[in-house]
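Report on the structure given below.
Computation of the quantities below employed the complete heavy-atom set of this structure, encompassing side-chain atoms and omitting hydrogens, waters and symmetry-equivalent molecules. Note that the coordinates shown come from a computational prediction; the quantities given were computed from them, not determined experimentally.
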Amino acid sequence: ILNGVIYIVACPTEEQTDLTFSFNGGEETFARNGFVIEEGVYYSSNPNVDKTTFSITIDDAIENGTFTTNPAGESPWGESVKFTPVPDEGYTLKSVSVLGDDSGTEIECKKNSFRMPKENVTITGEFVLKTYVITSSVTGGECLIQKGGENVTSAQMGDIITVSPTPGTGYSGGTVTVTKEETGEEITFNDGKFTMPASDVNVSVEFTKVDYNISKAEAANGSFVVKNSSDAVITKANYQDAITVEATPSDGYIVDAITVTDADSNPVTVSENTFSMPAAAVTVSVTFKAQSSGPNPPDYNIEKW
């Protein structure tokens, strides 16, 4: 019967002290004991009320977690008992067993529940450290995230994680921030290390762009300025910035050459008065030359007649 109540009804033919109700071929029995059963009187039993109750014990030897059950502490046999694992922080359930106290038989569990047998039971289980994910976001370089010298993308609570940032070309420093993924709470990061919490984490590394100096060599017969892509006059720039040299010759002069060299006197390529800033300080030179008055007249042969 689904969504209903089963009643077992009996009418004794003679007076007696006790009465036992049996069904399912005698396998299931419920007793009405301790009072006089009169002849010719109908008696009934509701299995949901009259079933024998057995105890449910949570093994106190379980480490790093426990269980709760519904119902708690005891249940009539044949009823469904639901159990819920309650792991300690940083742990997760690995396995669970429900054992009959008298028989030692393991009771079948499905979807965190079992059918109560005709004996007391004990629930035991194993809780293990949970694995959490480590993600990273890096700007201007790279970093190694390691545990015990091995690169990792996950770890367990209490693991010591080392973060080793390496700046890319044109960058310096490397500020490391470690936060819990869900809450954004910042995790203490000291001496290049942090302790893995019971949470997924994000490791953020930010490097700083290096400002490289731009020096101007003295120019004769004209002047020049150095500008960035925003057309602002500058004396510093970052690696790979587009730099323009804007030259103004004096009257009667034109630009002869624009030369850019780094601190080691290595030439930097200049194309149409623009260059890409190297990862070094540079010196910009502009030379001017006198403007030609025009092409020379052609040579003519004059013969005497």
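Note: M116 CE to T52 OG1 = 11.0 Å, rounded to the nearest 0.5 Å. T259 contributes atom OG1, which lies 11.5 Å from atom CZ of F275 (distance to the nearest 0.5 angstrom). Residue N112 holds its CG atom at 8.5 Å from CZ of F67, rounded to the nearest 0.5 Å. The CD1 atom of I187 lies 11.5 Å from the CG atom of N202; values are rounded to the nearest 0.5 Å. Rounding to the nearest 0.5 angstrom, the gap separating the OG1 atom in T92 from the OH atom in Y132 is 8.0 Å. A distance of 12.0 Å separates NZ of K180 from CD of E186, quoted to the nearest 0.5 Å.
The backbone N or O of D88 sits nowhere less than 3.5 Å from a side-chain atom of N64 that would complete a donor-acceptor pair. At least one donor-acceptor pair under 3.5 Å links the side chain of S250 to the backbone N or O of G222. Within the 3.5 Å criterion, the main-chain N or O of S230 finds a donor-acceptor partner in the side chain of N228. With E89 contributing its side chain and A198 its backbone, the two residues share no donor-acceptor pair below 3.5 Å. Under a 3.5 Å cut-off, the side chain of N273 and the backbone N or O of T244 do not form any donor-acceptor pair. Judged by distance alone, with hydrogens and angles left aside, the side-chain atoms of N238 form a donor-acceptor pair with the main-chain N or O of V210 at under 3.5 Å. In this structure, K216 contributes its side chain and F224 its backbone to a donor-acceptor pair below 3.5 Å.
The hydrophobic clustering, which links ILVMFWY residues whose side-chain heavy atoms are closer than 4.5 Å, places I214 and I258 together. Follow the hydrophobic side-chain contacts under 4.5 Å out from V121 and you never reach L99; the two are in separate clusters. Both Y171 and V163 are part of a single hydrophobic cluster, where members link through side-chain heavy atoms under 4.5 Å apart. W77 and I123 fall within the same hydrophobic cluster, where Ile, Leu, Val, Met, Phe, Trp and Tyr residues are linked whenever their side-chain heavy atoms come under 4.5 Å apart, directly or through other members. Linking ILVMFWY side-chain heavy atoms closer than 4.5 Å, directly or via other members, places V128 and L93 in two distinct hydrophobic clusters.
Heavy-atom contacts from other residues, nucleotides or ligands closer than 6.0 Å to CD of E181 number more than 12. By the neighbour-count criterion of 12 heavy atoms within 6.0 Å, atom CD of E142 is sparsely surrounded, having that number or fewer from other residues, nucleotides or ligands. Other residues, nucleotides and ligands place no more than 12 heavy atoms under 6.0 Å from the CG atom of D251. More than 12 non-hydrogen atoms from other residues, nucleotides or ligands lie less than 6.0 angstrom from CD of Q146.
The shortest side-chain heavy-atom distance between V270 and V245 does not fall under the 4.5 Å cut-off. N151 is listed as a side-chain neighbour of L144, based on a closest heavy-atom distance under 4.5 Å. Using a 4.5 Å heavy-atom threshold, the side chains of T235 and N213 count as separate. Counting heavy atoms from C-beta outward, V260 and T283 have side chains that stay 4.5 Å or more apart.
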Please report the C-alpha distance between D256 and F288 in whole Å, then the side-chain angles of each, then the deciding distance to 0.1 Å, and finally whether the side chain to side chain contact (heavy atoms under 4.5 Å, CB included) criterion is met. CA-CA 5 Å; D256 181 29; F288 300 91; 5.7 Å; no
Please determine whether side chain to side chain contact (heavy atoms under 4.5 Å, CB included) holds for the pair F207 and V138, giving the CA-CA distance in whole Å, both sets of side-chain angles, and the decisive distance to 0.1 Å. CA-CA 8 Å; F207 298 93; V138 183; 3.7 Å; yes
Worked verdict on D200 versus T135 for side chain to side chain contact (heavy atoms under 4.5 Å, CB included): CA-CA 8 Å; D200 295 339; T135 57; over 6 Å; no
Between R115 and I107, is the side chain to side chain contact (heavy atoms under 4.5 Å, CB included) condition met? List the steps. CA-CA 8 Å; R115 187 72 60 182; I107 310 304; 5.8 Å; no
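Listed here is the closest heavy atom pair of M196 and I134: CE-CG1, 3.8 Å. Across all their heavy atoms, Y239 and T169 have their closest contact at CD2-O, 3.4 Å. The two residues V268 and S276 make their nearest non-hydrogen contact at CG1-O, 4.0 Å. Considering all non-hydrogen atoms of both residues, I161 and A155 come closest at CD1-CB, 3.8 Å. The two atoms that bring C143 and P165 nearest to each other are CB-CA, 3.8 Å, heavy atoms only. Between I234 and I243, the shortest heavy-atom distance links the atoms CD1-CD1, 3.7 Å.
For the residue pair D59/T122, the side-chain donor-acceptor check at 3.5 Å is not satisfied.
Of the residues N70, I58, I56, V96, the one that meets the side-chain contact (heavy atoms from CB on, under 4.5 Å) test with F83 is V96.
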